[in-house]
Participant: 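Mind looking over this structure? Questions follow.
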Amino acid sequence: METEIYLALVDEFSGHVYKAALSYCGNQSDAEDVVQNTFLKLLQRKEPFADEEHVKKWLIRVAINESKNMCTSFWRKRIVPLEESESISDTGFATEEQSGLYDAVMQLKEKYRVVIHLYYYEEYSIKEIAQILHIKETTVSTRLMRARAKLKEVLKEDWLDA
């Protein structure tokens, strides 16, 4: 892959890959590692892509696989993480409300976070999410429905506490 094309892809898709990894991993340092590994795999890829949407889907799929590998690794299970000094909500959202909503999404279980992120933040259809995650469309729909219900509970609790 040519250097100029690679750098353009990194610039264009690094935010999407980072947010997908953050949704899965739940912390910034692991998400940054996943982004790095994902773009290393892109650099090593020999086959051409059909279009930019194919590149984006491939990168998100690789990021999710890398996140799974990281979260289930022997090393990860044996360490105790330090408290992060930065807020997880420091992901570049325009308003505090958007950032607060993202924080609420991050309180959900991983399987719900990922589908919410892909559906609302990356704007993929249910069919596309099913292809990316290698699960059935009905499973994606069910996870979205359950995630919305759990998100409603979390937001209601936050609103009542405020």
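As the structure is a computational prediction, the values presented were derived from the model and not from experiment.
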Participant: Should Asn69 and Asn37 be marked as a side chain to side chain contact (heavy atoms under 4.5 Å, CB included) after you check the CA-CA gap, both sets of side-chain angles, and the distance that decides it?
Facilitator: CA-CA 11 Å; Asn69 291 343; Asn37 291 340; over 6 Å; no
Participant: With the 4.5 Å side-chain cut-off for hydrophobic clustering, are Ile60 and Val55 part of the same group?
Facilitator: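 Result: yes, single cluster for both.
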Participant: Say you draw a straight line from CG of Leu108 to CZ of Arg143; how long is it, rounded to the nearest 0.5 Å?
Facilitator: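 These two atoms lie 13.0 Å from each other.
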Participant: If you measure only the distance, is there a donor-acceptor pair under 3.5 Å linking the side chains of Tyr120 and Arg148?
Facilitator: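 There is such a pair between these side chains.
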Participant: So which atom in Ile116 and which in Ala147 form the shortest heavy-atom distance, rounded to 0.1 Å?
Facilitator: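 So the minimum-distance heavy-atom pair works out to CG1-CB, 3.5 Å.
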Participant: Among the clusters formed by ILVMFWY side chains lying less than 4.5 Å apart, do Val114 and Val154 turn up in the same one?
Facilitator: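 Per the 4.5 Å side-chain linkage, Val114 and Val154 are not co-clustered.
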Participant: Let me confirm one number: the CD-NZ distance from Gln36 to Lys41, rounded to the nearest 0.5 Å.
Facilitator: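 Answer rounded to 0.5 Å: 13.0 Å.
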Participant: To check you understand the geometry: which heavy-atom pair defines the closest contact between Leu40 and Tyr6, and what is its length?
Facilitator: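 That closest heavy-atom pairing would be N-OH, 4.3 Å.
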Participant: Mind running side chain to side chain contact (heavy atoms under 4.5 Å, CB included) on Glu122 and Glu128 for me, showing each step along the way?
Facilitator: CA-CA 11 Å; Glu122 299 297 334; Glu128 291 171 320; over 6 Å; no
Participant: Indicate yes or no for a side-chain donor-acceptor contact from Arg113 to the backbone of Val105 under 3.5 Å, with no hydrogens or angles considered.
Facilitator: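 No.
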Participant: Can you tell me if Lys57 has over 12 outside heavy atoms packed within less than 6.0 Å of its NZ?
Facilitator: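 For Lys57, atom NZ is crowded (more than 12 foreign heavy atoms under 6.0 Å).
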Participant: Working to the nearest 0.5 Å, report the span between SG of Cys25 and NZ of Lys68.
Facilitator: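 Going from the SG atom of Cys25 to the NZ atom of Lys68 covers 12.0 Å.
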Participant: For the side chain of Tyr124 and the backbone of Ala130, is there at least one donor-acceptor N/O pair under 3.5 Å apart?
Facilitator: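 Not a single qualifying donor-acceptor pair exists.
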Participant: Roughly how far apart are Glu32 CD and Asn27 CG, rounded to 0.5 Å?
Facilitator: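 With rounding to 0.5 Å, CD (Glu32) is 9.0 Å from CG (Asn27).
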Participant: Group every Ile, Leu, Val, Met, Phe, Trp and Tyr by side-chain heavy-atom contacts under 4.5 Å, then state whether Tyr112 and Met145 land in the same group.
Facilitator: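 Each belongs to a different hydrophobic cluster.
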Participant: Mind checking what makes side-chain hydrogen bond (donor to acceptor under 3.5 Å, both in side chains) contact with Asp33, not counting sequence neighbours?
Facilitator: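 Listed in chain order: nothing, the list is empty.
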Participant: Evaluate Leu133 against Arg61 for side chain to side chain contact (heavy atoms under 4.5 Å, CB included), listing each step before the verdict.
Facilitator: CA-CA 7 Å; Leu133 298 178; Arg61 178 72 246 167; 4.0 Å; yes
Participant: Let me check something: do Leu7 and Val17 share a hydrophobic cluster, defined by ILVMFWY side-chain heavy atoms less than 4.5 Å apart, either directly or through other members?
Facilitator: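 Yes, Leu7 and Val17 fall within the same hydrophobic cluster.
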Participant: With rounding to the nearest 0.5 angstrom, report the CG to CG distance, Leu144 to Leu151.
Facilitator: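 Leu144 CG to Leu151 CG: 11.0 Å, rounded to 0.5 Å.
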Participant: Where is the tightest heavy-atom contact between Met106 and Leu22, given as atom of each residue plus distance?
Facilitator: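 It is CE-O, 3.0 Å.
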Participant: Considering the options Leu118, Ile132, Ile126, which one meets the side-chain contact (heavy atoms from CB on, under 4.5 Å) requirement together with Val140?
Facilitator: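 The single option meeting the side-chain contact (heavy atoms from CB on, under 4.5 Å) with Val140 is Ile126.
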Participant: Give me the atom names and distance for the closest heavy-atom approach of Ser67 to Ala21.
Facilitator: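 Here Ser67 and Ala21 meet closest at OG-CA, 3.7 Å.
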Participant: For the pair His16 and Phe13, name the ring-plane relationship: parallel under 30°, tilted 30 to 60°, perpendicular over 60°.
Facilitator: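 Rings of His16 and Phe13: tilted, as their planes differ by 30° to 60°.
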Participant: Considering residues at least two apart in sequence or located in another chain, which fulfil the side-chain hydrogen bond (donor to acceptor under 3.5 Å, both in side chains) criterion with Thr139?
Facilitator: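 Scan of Thr139 (side-chain hydrogen bond (donor to acceptor under 3.5 Å, both in side chains), adjacent residues dropped) gives none.
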Participant: Specify the closest pair of heavy atoms between Ile129 and Val115, including all atoms of both residues, with the distance to one decimal.
Facilitator: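 Taking every non-hydrogen atom into account, CD1-O, 4.1 Å.
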Participant: Applying side chain to side chain contact (heavy atoms under 4.5 Å, CB included) to Lys109 and Lys150, what does each step give before you reach the verdict?
Facilitator: CA-CA 10 Å; Lys109 289 182 179 180; Lys150 290 181 185 298; 5.7 Å; no
Participant: What pair of heavy atoms forms the shortest contact from Thr38 to Leu59, and how long is it?
Facilitator: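 Thr38 and Leu59 have their closest heavy atoms at CG2-O, 3.6 Å.
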